[in-house]
Structures are given as C-alpha cells and as structure tokens.
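I have placed the structure first, in the form of structure tokens, so that the comments after it can refer back to it.
Residue numbers start at 1 and run along the sequence shown.
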Amino acid sequence: GYEHNLFDMFLLRVAGYYKDVSQQPVLVNYINRNRDVDYEISEPNSYRDIRGVELTLSKNRGSWFQGFINYTYDVRTSGRFGYLEYYENPAKQREYERITDDSEQDKPIPRPYGRANLNFFTPEDFGPEFGGVYPFGSFRISLLGDWNAGQYFTWAGGGSIPGILYNVQWRDYWNVDLRFSKNINIADMLDLELIIDVSNLFNFKNM
C-alpha cells in the first residue's frame, strides 16, 4: 500500500490485497450399492481466491469534522476439486459424473463496495455559556453509509442454456445509519451522554 499526506489535513491511502484460502472443508457423500451405507465426511477440497484494490481518504483531526470515505474493488473466486458424491455402483457413478464437473469453479463478476463514516461535532465551549454550561457545545452527528454493487446471477428461463452466465443483476445495496449524541457536564462532577440511533435513515428498500 501507499499513504500520502494531503495539506496536513487528509490522508490518502491506496492499497492492494490478496488472500489465498486453500484446503477448506467440504462435505463428500459416499453411498454403497444397496444404499444401506450412506454417510458424509469432511474433506479439504475447497478453495477461495480473494484480491482487490482499496482507496481511502480520511481526516482524523479537526474541531468540526472528521471521517473517512472508502472505495474497494473486490474480486473473489471459489471452487473445489473432486466430486461431492461417490457411488459404489459404477453405473450410478458414471451417470453422476456425466452431469457434474469434478473441478467446479465460480468466477462471478466483481462487486465493488464503498463505506463512509462522517462525523460532525461542535467543541465543548461552543456558543453562549449559561452557568458554566454550553448548550450548543459537545454535539455530534455521525453518519455511516454503505454501498455494495448488486449481486449477479444466471437466469435462463428456468433451464440451462450454454453460454448464458451472470446475465441478471440485483439492484445495488444502499444504507445510511445515523447517530446523534450530546454530552452534558454537570458541575465537573457528572458526565451524561444523550444518544439517538437511527437505522436506515433514508428508508432504502433492499432485497
């Protein structure tokens, strides 16, 4: 990754990542000729490959505003080796292998996502003073936003058509949560915090 200071106020960070996940467990079914022996065992035949690039702009200092905005381009591949079912009956095994891939791999279209956390607040001594209390001081409004590109899937009218893959996409996912808080100091002896939490502030409809 690389980080760069902008105007002594912002931090720009660009990072790439890669994660290899191998020998993950998957259930494999073994069935004898008469089906009176039918059991599943866990075998390390599954894997995942995760990689991407993320861009983050953050502001960690300031009397009125702090926060960050992040965009991540994420690509994930998953698959397995070997079959999920093994039959003692050769005819049954050949029939199963005819319709099943022994090295299934899923390479979906990349789904970028973004997050933002914006904090707006007032200093403790902001505004007029009444008996040592600042009514307009120590307010904080925090917004946490999430966006995720819609998931792709394959739809071929209920059947399977060669060449058609990931031709339909769900709508993008959006969400914004809000937290409003106010600190109250009483005679330097007691600190109180009033909090209001609002989930899905803009009432986004997500499937």
Side-chain angles (χ1 to χ4, degrees), residues 1-27 44-81 84 101 103-121 139-158 160-161 163-181 195-207:
Y2 173 76
E3 295 182 346
H4 192 87
N5 174 26
L6 299 175
F7 314 113
D8 286 335
M9 294 180 60
F10 301 94
L11 181 65
L12 177 65
R13 181 174 185 265
V14 181
Y17 59 88
Y18 175 80
K19 182 177 182 181
D20 173 46
V21 184
S22 58
Q23 295 185 342
Q24 293 297 288
V26 61
L27 291 176
N45 296 339
S46 177
Y47 66 89
R48 298 185 73 187
D49 185 87
I50 304 169
R51 57 203 181 278
V53 177
E54 60 181 13
L55 176 66
T56 304
L57 180 65
S58 59
K59 184 177 186 292
N60 298 323
R61 294 183 298 172
S63 301
W64 298 89
F65 168 75
Q66 296 178 8
F68 73 87
I69 298 177
N70 169 268
Y71 172 84
T72 301
Y73 186 83
D74 188 73
V75 183
R76 301 185 177 217
T77 301
S78 61
R80 61 169 172 78
F81 298 102
L84 297 178
D101 187 359
S103 59
E104 185 180 78
Q105 187 177 70
D106 185 25
K107 286 186 174 182
I109 298 175
R111 294 179 60 199
Y113 63 88
R115 288 174 60 85
N117 182 209
L118 307 179
N119 296 295
F120 304 91
F121 45 87
F139 276 100
R140 177 181 291 267
I141 297 177
S142 179
L143 294 170
L144 179 62
D146 287 281
W147 164 76
N148 200 323
Q151 183 177 0
Y152 290 86
F153 65 98
T154 302
W155 173 251
S160 178
I161 301 177
I164 294 182
L165 190 65
Y166 301 121
N167 60 327
V168 181
Q169 182 185 17
W170 289 105
R171 289 184 176 180
D172 291 358
Y173 171 86
W174 293 89
N175 185 67
V176 176
D177 296 333
L178 166 71
R179 165 168 283 200
F180 174 85
S181 64
I195 298 174
I196 298 176
D197 282 327
V198 182
S199 298
N200 196 3
L201 176 65
F202 299 110
N203 198 28
F204 289 115
K205 305 296 192 300
N206 293 306
M207 293 289 292

Inset, instruction - For this output row, return yes or no: ring centroids of Phe81 and Tyr47 closer than 6.0 angstrom. - result: yes
Inset, instruction - Flag this pair as yes if the NZ/CZ of Arg140 is under 6.0 angstrom from the six-membered ring centre of Phe121 and inside a 45 degree cone about the axis; otherwise no. - result: yes
Legend entry - Expected output: side-chain Asn45 to main-chain Val26 donor-acceptor under 3.5 Å: no
Inset, instruction - State, with a plain yes or no, whether a side-chain heavy atom of Asn119 is found less than 4.5 Å away from one of Phe65. - result: no
Inset, instruction - Only counting residues at least two apart or in another chain, list the ones meeting salt bridge (charged side-chain N to carboxylate O under 4.0 Å, His left out) with Arg76. - result: Asp74
Legend entry - Value rounded to 0.5 Å, distance of OH in Tyr166 from CG in Asp106: 3.5 Å
Inset, instruction - Indicate yes or no: at least one non-hydrogen side-chain atom of Ser142 is less than 4.5 angstrom from one of Asn117. - result: yes
Inset, instruction - Please say which of Thr56, Ile69, Asp146, Asn148 ends up in a side-chain contact (heavy atoms from CB on, under 4.5 Å) with Arg115. - result: Asp146
Legend entry - Side chain proximity check, Ile50 to Tyr17, heavy atoms < 4.5 angstrom: yes
Legend entry - Straight-line distance of Leu12 CG to Leu55 CG, nearest 0.5 Å: 5.5 Å
Inset, instruction - Enter the distance from Arg111:CZ to Thr72:OG1 here, rounded to the nearest 0.5 Å. - result: 13.0 Å
Legend entry - Under 3.5 Å: donor-acceptor pair, side chain of Gln169, backbone of Gly150: yes
Inset, instruction - Give a yes or no on whether the backbone of Trp155 and the side-chain of Asn167 come within a donor-acceptor separation of less than 3.5 Å. - result: yes
Legend entry - Min side-chain heavy-atom separation Tyr73-Pro110 under 4.5 Å: yes
Inset, instruction - Hey, could you give me the CZ/CD1 distance between Phe120 and Ile141, rounded to the nearest 0.5 Å? - result: 8.0 Å
Legend entry - Close side-chain approach of Leu143 and Leu201, heavy atoms under 4.5 Å: yes
Legend entry - Whether Ser78 side chain and Arg48 backbone form a donor-acceptor pair below 3.5 Å: no
Inset, instruction - Could you tell me which residues satisfy salt bridge (charged side-chain N to carboxylate O under 4.0 Å, His left out) with Asp197, sequence neighbours excluded, listed by chain and number? - result: Arg179
Inset, instruction - Examine Trp170 together with Phe153 and report whether their ring centres are nearer than 6.0 Å. - result: yes
Inset, instruction - Indicate, with yes or no, if the rings of Phe139 and Phe180 have centres closer together than 6.0 Å. - result: yes
Inset, instruction - Indicate yes or no for a side-chain donor-acceptor contact from Asn200 to the backbone of Asn175 under 3.5 Å, with no hydrogens or angles considered. - result: no
Inset, instruction - Assess the side chains of Asp172 and Trp147: does a donor N or O sit below 3.5 Å from an acceptor N or O? - result: yes
Inset, instruction - Indicate yes or no: at least one non-hydrogen side-chain atom of Lys205 is less than 4.5 angstrom from one of Asn203. - result: yes
Legend entry - Validation row: Arg61, Met9 side chains within 4.5 angstrom (heavy atoms): no
Inset, instruction - Decide yes or no for Glu3 and Leu11: does some side-chain heavy atom of the first lie under 4.5 Å from some side-chain heavy atom of the second? - result: yes
Inset, instruction - Work out which heavy atom in Ser46 is nearest to a heavy atom in Pro25; give both atom names and the distance. - result: CB-O, 4.4 Å
Inset, instruction - Return the minimal non-hydrogen interatomic distance between Leu57 and Phe10, and the atom names on each side. - result: CD1-CB, 3.9 Å
Inset, instruction - Start with the C-alpha distance between Asp49 and Tyr18, add both sets of side-chain angles, then the distance that settles side chain to side chain donor-acceptor pair (under 3.5 Å), and finish with yes or no. - result: CA-CA 8 Å; Asp49 185 87; Tyr18 175 80; 2.5 Å; yes
Inset, instruction - To the nearest 0.5 angstrom, please state how far the CZ atom of Arg13 sits from the CG atom of Asn70. - result: 9.0 Å
Inset, instruction - Step by step, work out the side chain to side chain contact (heavy atoms under 4.5 Å, CB included) result for Val198 and Asp177. - result: CA-CA 6 Å; Val198 182; Asp177 296 333; over 6 Å; no
Legend entry - Between CD on residue Glu104 and CZ on residue Arg80, distance to nearest 0.5 Å: 4.5 Å
